[in-house]
Amino acid sequence: MTITITAFQASPDRGRGLARDMHVRWALEEVGQPYDVRLVTFAEMKQPAHLARHPFGQIPTYEENGLTLFESGAIILHIAEHHPGLFPEEPDARARAIMWMFAALSTIEPVVVEFTTTLIFDRDRPWYADRLPVLQDRARTRLGQLAERLGDADWLDGEFSAGDLLVIDVLRRLASSGLLDEFPTVAAYVARGEARPAFQRAFADQLAVFTASQAAP
Ligand code: GTB
């Protein structure tokens, strides 16, 4: 039973592992499932073959035994439900891990993405200087709330779970902004996630794709 995911053939993040295939790679490494990667160009992502996998023409996707999934959250949920390692056994703890997955993607990620995309892409806009501090403060508020909940714990709710995986991978997008440095416990939490051997393997694999794309004629 082969798992195949899709990823950028040449990621715009230049090997920093910020695209969402990284969520899926990391999850598969955590549960010890081997997988193949189908690399797609931006043009191929909008062609019928890929649109059949992903109606919005994006990555990542996940294929296994005739099942095709898109949306990284749904993919992580599927992986965590079918393989031990990302969800606790106890039903209430499992429900809370799923709660953190939703929090990552619907409460933390929008604030993080709006701030970082404005920071990176909108510098020349006339409204940039007024807007950026607003978005930065929203991200700062979320990080403060997260720091409060995390306290001095290693993970958000007991053992490392799919909830931590998604929260950490979403927070990684803040790395170049410097905002994480204002919240040392959250920065340490992200670093703990990145230090996991499964994360390291996933990161190395996506970096190898980027390196190969640079070497290609
Ligand atoms: N909600 C979907 C999910 O979670 O799977 C969102 C999927 C998504 O946004 N995919 C992006 C994509 O395919 C790649 S991850 N974009 C191409 C398109 O829409 O045409 C987003 C991303 C891209 C690049 C960087 N980067 O360069 O740092 C970071 C994140």
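Both ligands and their constituent atoms are indexed starting at 1 by order of listing.
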Do NZ/NE/NH1/NH2 and the carboxylate oxygens of [X] and [Y] come within less than 4.0 Å?
X      : Y     : value
Glu44  : Arg38 : no
Arg16  : Asp13 : no
Arg196 : Glu29 : no

Query raised in the report: Under 4.0 Å from ligand 1, counting heavy atoms only, is it the side chain of Phe8, its backbone, both or neither?
Result: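 The answer is the side chain of Phe8.
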Report task. Applying side chain to side chain contact (heavy atoms under 4.5 Å, CB included), name anything that partners Arg14, two or more places apart in sequence or on another chain. Result ->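 For Arg14 the side chain to side chain contact (heavy atoms under 4.5 Å, CB included) partners, ignoring immediate neighbours, are Phe210, Gln214.
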Query raised in the report: Ala74: what forms a side chain to side chain contact (heavy atoms under 4.5 Å, CB included) with it, not counting sequence neighbours?
Result: Glu71
Of [options], which has the heavy atom at the shortest distance from [atom]?
atom                    : options                     : result
atom 22 (C) of ligand 1 : Ala19, Gly17, Ser176, Gly15 : Ala19
atom 9 (O) of ligand 1  : Arg20, His54, Glu71, Arg16  : Arg20
atom 19 (O) of ligand 1 : His23, Arg172, Arg14, Gln58 : Gln58

Looking only at distance, does [X] have an N or O less than 3.5 Å from an N or O of ligand 1?
X      : answer
Lys46  : yes
Ser11  : no
Arg173 : no
Leu18  : no

For [atom], what is the closest protein heavy atom, and at what distance to 0.1 Å?
atom                    : answer
atom 11 (C) of ligand 1 : Ile59 O, 3.7 Å
atom 24 (C) of ligand 1 : Pro12 CG, 4.0 Å
atom 5 (O) of ligand 1  : Ser72 N, 2.8 Å
atom 27 (O) of ligand 1 : Asp13 N, 3.1 Å

Query raised in the report: Does Arg172 make a cation-pi contact with Trp26 (under 6.0 Å, within 45 degrees of the axis)?
Result: no
Requested in this report: Could you tell me whether the side chains of Glu64 and Tyr62 share a donor-acceptor contact shorter than 3.5 Å?
Outcome: yes
Query raised in the report: Has Phe70 got any heavy atom lying under 4.0 angstrom from an atom of ligand 1?
Result: no
With a cut-off of 4.0 Å, which atoms of ligand 1 are near a heavy atom of [X]?
X     : answer
Phe42 : 17 (C)
Met45 : 13 (O), 17 (C)
Pro60 : 5 (O)

Query raised in the report: Does the side chain of Val37 come within less than 4.5 Å of Asp205's, by heavy atoms?
Result: no
Query raised in the report: Would a distance-only check, ignoring hydrogens and angles, find a side-chain to backbone donor-acceptor pair under 3.5 Å from Asp164 to Leu156?
Result: yes
Query - Exam field: side chain His83 to backbone Ile79, donor-acceptor pair closer than 3.5 Å - result: no
